[in-house]
Amino acid sequence: MNLLALVDCDNFYASCERVFRPDLKKIPIVVLSNNDGCVIARSKEAKSMGIGMGVPWFKIKRAYLAQGGRVFSSNFALYGDLSNRVMHVLSGMSQSMEIYSIDEAFLGLHHLQDPRDAYAFGIHCRSTVHQWVGVPVRIGIAPTKTLAKVASHIAKKRNGGTGVACLHTAGQIKRALRDIPAHEVWGVGRQLSSQLNELGVISAFDLSEVDISLIRKKFSVVLERTVRELRGEPCLEIQEKNAPKKQIIVSRSFKTRINNQEELKPLISNFAARAAEKLRNEKQKCSKVSVLIATSPFEKTSQYRGFASFQFSTPTNDTRSILLGATKALNDSFKGNYIYAKAGVLLSSFSCQEVEQQSLFQDMRDGLLLQPSAELMQCIDLLNQEQQQIYFASQHPESFARVQTKMMSPRYTTNWHELPTAS
DNA sequence: TCTGGGGTCCTAGGACCC
DNA sequence: TCTGGGGTCCTAGGACCC
């Protein structure tokens, strides 16, 4: 039997905050989203205080701090770097690995002769990551990805356990599935679970027993795969190569609401410039830039979501073209008399940077007839690498400047001025 | 006062082809 | 009275994930 392991960092962002702050062990920690809007990560202690995922910070701030909880603004430089370190350690422990997210990876365990060795491997893997990087992980081992996720759930639930759970016999799998509600299965979200409940499917075990053809007819091939995977039939392979991105989004909620296009424009330009930079970093070009703007769904005032795209006749990754396209899309999506809370820029329809498919007709739309310059972009990217130094005229530097809020921890591992000191 | 940001995959339906 | 039957490609939107 081929097994695979899901390695999942415990409460990743909260754990990262503890790596260089051992004094915070056992103390509740929450990490906040951009603009310190809402909670995006909680330590075990914060969870047991009843702090929910995604709750607005302002609602819990007072009570939480009064109970001795600690809070951090998100420090993605730190989390990204620690994630890379975890992944690097894991990559040395298996021949096949898929980095699934910033805090999760699947490992192929073909190298294990006997499934009974899997558990020992998990223990070894966990202690190595903990020792070398300082981040606690839990490990679920099973014949399919979906079951490995289930196993990881079990490893989490077993309080005071080893942090490793292994499901490889039919009996183990059956018992595990009975204990887990269907909505906790990977790939079953809110919509699906309520529809499944109506069919009498409550537990993961129920789901694994449903007639496949019914699932296919009533739902989709996606859920069918989930059911098969729960039965131990692998449908999702480990994807070792990280596939090229198919879209890039840069979006933000605003600190203060905006109701006019003039104020929106420099923000959209910031997002577009950042997106173009990411695109070049991916070594791709795009044929479409879209702009999305939205009012706050929490407001009682009238709601509006605007979306408009601009198509390039020739694929580009030149910031200047992307800025022009984004400005036009903003024009098309904007409607007056609304109070906007969020906006973003989306790049899509990618093609490889090297391949140049010229348009049969030249793009005569005003202003877009400019000579793209890879050298210029390269130069700008180089100058902006460490710190943003070059801006385009339509951008608004201050509104996008990285604010080092008081609640953000130092970038211990990625900035010379913020190295941890030993005393 | 204050409610995240970034992705993927699949499907239905329209446009178009022979 | 009778109004084909496949295909492909593209896109928008929905569902999910972390």
Side-chain angles (χ1 to χ4, degrees), chain A residues 6-14 30-42 51-62 64 71-76 79-80 83 98-106 145-146 149 152 182-196 215-226 235-237 239 242-257 271 274-275 278-279 282 287-288 290 292 294-300 303 305 307-309 311 339 341-350 405 407:
Chain A
L6 170 68
V7 183
D8 192 340
C9 301
D10 292 336
N11 318 316
F12 185 55
Y13 299 164
V30 298
V31 177
L32 305 178
S33 65
N34 249 326
N35 296 336
D36 297 334
C38 59
V39 173
I40 56 169
R42 308 153 292 159
I51 306 293
M53 182 67 169
V55 298
W57 171 234
F58 72 89
K59 282 191 180 170
I60 56 157
K61 182 176 177 178
R62 189 185 271 254
Y64 174 73
V71 58
F72 291 92
S73 304
S74 37
N75 182 350
F76 285 106
Y79 312 150
S83 169
E98 172 184 343
I99 298 176
Y100 180 69
S101 75
I102 193 165
D103 70 338
E104 278 174 67
F106 290 102
K145 281 182 164 180
T146 307
K149 280 267 185 185
S152 151
H183 68 84
E184 278 181 31
V185 171
W186 191 41
V188 180
R190 204 186 291 152
Q191 299 291 326
L192 285 176
S193 72
S194 79
Q195 289 176 56
L196 286 168
I215 290 288
R216 184 60 181 263
K217 210 168 73 193
K218 236 177 128 50
F219 300 94
S220 71
V221 63
V222 186
L223 192 62
E224 178 186 339
R225 287 200 277 252
T226 299
C235 300
L236 308 167
E237 308 225 309
Q239 316 228 295
N242 38 354
K245 281 195 175 37
K246 293 174 179 168
Q247 61 177 42
I248 287 173
I249 300 178
V250 178
S251 72
R252 294 282 183 283
S253 298
F254 311 142
K255 270 215 165 75
T256 50
R257 308 276 197 253
F271 301 155
R274 176 73 187 114
K278 287 186 178 183
L279 181 64
E282 285 279 311
S287 293
K288 190 156 91 172
S290 312
L292 42 117
T295 52
S296 164
F298 304 100
E299 219 69 62
K300 289 202 181 70
Q303 301 284 313
R305 300 166 72 88
F307 184 86
S309 305
Q311 196 93 28
I339 301 169
K342 181 180 178 171
V345 167
L346 188 157
L347 305 181
S348 55
S349 301
F350 289 176
T405 66
M407 299 202 306

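Just so it is clear, the values below take in all heavy atoms, side chains as well, and ignore hydrogens, waters and symmetry mates. Every chain is numbered from 1 and lettered A, B, ... according to where its sequence line falls, protein lines coming before strand lines.
- Closest of all the heavy-atom pairs between A:L192 and A:G187 is CD1-O, 3.5 Å.
- Across all strands shown, A:Y100 has heavy atoms under 4.0 Å from sugar-phosphate atoms exclusively, and none from any base.
- Scored by the salt bridge (Lys or Arg N to Asp or Glu O under 4.0 Å) test, A:E224 finds A:R216, A:R228 as partners (sequence neighbours excluded).
- Look at CD on A:E98: it is 13 Å from P on C:dC18, rounded to the nearest Å.
- A:V39 comes within 4.0 angstrom of nothing in the nucleic acid, heavy atoms only.
- For A:D36, the side chain to side chain donor-acceptor pair (under 3.5 Å) criterion is met by A:S73, not counting sequence neighbours.
- Put simply, CZ on A:R274 and OG on A:S251 are 12.5 Å apart, with the number rounded to the nearest 0.5 Å.
- The salt bridge (Lys or Arg N to Asp or Glu O under 4.0 Å) search around A:D103 returns none, not counting sequence neighbours.
- Between the OH atom of A:Y64 and the C1' atom of B:dC2 there is a distance of 18 Å, rounded to whole Å.
- Listed by chain and residue number, nothing satisfies the salt bridge (Lys or Arg N to Asp or Glu O under 4.0 Å) test with A:K288 (two or more places apart in sequence, or in another chain).
- In this structure, A:F12 has no ring pair (Phe, Tyr, Trp, His ring centres under 6.0 Å) partners at least two apart in sequence or on a different chain.
- In this structure A:E299 satisfies the salt bridge (Lys or Arg N to Asp or Glu O under 4.0 Å) test together with A:R257, sequence neighbours excluded.
- Under the side chain to side chain donor-acceptor pair (under 3.5 Å) criterion, A:Y79 pairs with A:E17, not counting sequence neighbours.
- B:dG4 sits 15 Å from C:dC17 when the C1' atoms are compared, rounded to a whole Å.
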Counting primed atoms plus P, OP1 and OP2 as sugar-phosphate and everything else as base, spell out the protein contacts along nucleotides 3-12 of chain B at 4.0 Å heavy-atom distance: B, S or - for each nucleotide, 5' to 3'. BBSSSBSSS-
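- Taking a pair as Watson-Crick or G-U with both hydrogen-bonding distances under 3.5 Å, the stems of three or more pairs touching DNA chain B are B:5-18 with C:5-18.
- Put simply, CD on A:E104 is 6 Å from P on C:dC18, counting in whole angstrom units.
- Contact annotation for A:L192: backbone-only contact, meaning every heavy-atom pair under 4.0 Å involves sugar-phosphate atoms and none involves a base.
- Within 4.0 Å of A:D103, counting heavy atoms only, lie sugar-phosphate atoms of the nucleic acid but no base atom.
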